[in-house]
Amino acid sequence: MDPVCYGNGGDVGVKVRKAVIPAAGFGTRMLPATKAVPKEMLPILNKPCIQYIVEEAVYAGIEEILLITGRTKKAIEDHFDRSPELEFHLEQNRKASMLTEVKKISDMVDIHYVRQKTPLGLGHAILCAKSFIANEPFAVLLGDDIIQSTVPVTAQLIEEYEDPTRVLLGVQHVPQKDVSKYGIVQPLGALGTGSRVPVATVVEKPLESEAPSNLAVLGRYILPPNIFEALEKTPLGHGGELQLTDAIEVLARDGRVDAFAFTGRRHDIGNLEGWLIANLSFAMDDSKLAENILDELQKNEHIRTHLAAF
Ligand code: G1P
């Protein structure tokens with residue numbers, strides 16, 4: 001995906017210039033791969049997951065990004081920095097296209113970093129962005145949710161965002177048995193793909209029997225600056241952590257939250273199965289790679305035996 005600006009161009013929309021990307025989690029579901037490598041640096045094909053997220057923000061017209069990191073995340077900063085030795089090596093070896101590719105990563109956008117010193121939850125991570133955001137609406141992109149779509153989801157949301165005092169949540173239906181993994185909204189009306197409705201409530205990881213719907217918030221938000229005030233007043237919630245969902249619920253009670261059903265195939269790359277499927281799914285977008293992989297899968301006797309027994 002080329003980081004050309006897509007969102008922020010409409011006549012109606014509100015300018016959203018800043019994005020926050022929380023990247024402080026341990027990635028325990030992907031251990032031991034994540035023991036010394038930040039989970040955000042695990043690749044999908046030959047690109048680290050975090051680069052997909054940053055490119056999605058840039059594509060949507062975001063000008064400044066704040067990455068919320070932690071002590072073990074230095075590799076992320078290195079990835080988005082210049083690499084003089086590598087650039088020199090590529091230059092010497094006349095690898096021009098690779099050199100352009102490598103330089104593009106560090107030139108893409110202004111990235112700022114702040115460390116979340118204690119892992120007190122997603123809401124606490126977002127609070128770390130308070131002074132960076134100051135007084136404007138901003139996008140939040142969660143790194144575990146990689147969404148494959150023609151128009152990246154953040155651009156879809158920004159196109160839809162009209163009122164800088166409201167929250168806009170990117171949602172999709174999930175299987176009923178999975179509702180307890182997500183923030184679940186209660187929409188005020190039917191919600192078809194590509195449409196937006198106000199939200200009555202939003203609940204973090206409800207029991208299946210208590211979920212108000214099966215519409216889940218899938219890691220994409222546009223938030224107004226007054227979310228910080230709401231976060232500061234919100235008590236610790238699910239898992240003893242400060243939950244972003246609980247602060248959004250404060251604004252929902254005030255009638256200030258909408259949900260938008262975005263278009264796209266969402267992958268939870270925070271677990272092994274989701275990460276593997278994401279790799280295969282992205283490979284299908286590259287015709288040469290797709291052909292080779294499908295051919296290999298068909299030829300591989302071990303895989304064929306398993307498929308036959310499935
Ligand atoms: C977080 C949010 C949750 C959201 C989910 C999307 O949960 O708290 O509301 O639905 O991301 O992936 P986590 O997966 O970090 O536990």
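First listed ligand is number 1; within each ligand, the first listed atom is number 1. All residue numbers refer to positions in the sequence shown, counting from 1.
By the neighbour-count criterion of 12 heavy atoms within 6.0 Å, atom CG of Asn93 is densely surrounded, having more than that number from other residues, nucleotides or ligands. Atom CD of Glu77 has more than 12 neighbouring heavy atoms from other residues, nucleotides or ligands inside a 6.0 Å radius.
You'll find the side chain of Lys103 reaches within 4.5 Å of the side chain of Arg82, heavy atoms only.
Under 4.0 Å from any atom of ligand 1, one finds heavy atoms of residues Leu122, Leu142, Asp145, Tyr182, Gly183, Glu204, Lys205, Val217, Gly219, Tyr221, Gln243, Thr245, Arg266.
One distance of note links CZ of Arg29 with CG of Asn271; it measures 5.0 Å at 0.5 Å rounding.
Every residue two or more places apart in sequence or in another chain that forms a ring pair (Phe, Tyr, Trp, His ring centres under 6.0 Å) with Phe228 is listed here: Phe138.
Residues Gln172 and Leu218 come closest through the heavy atom pair CB-CD1, 3.6 Å.
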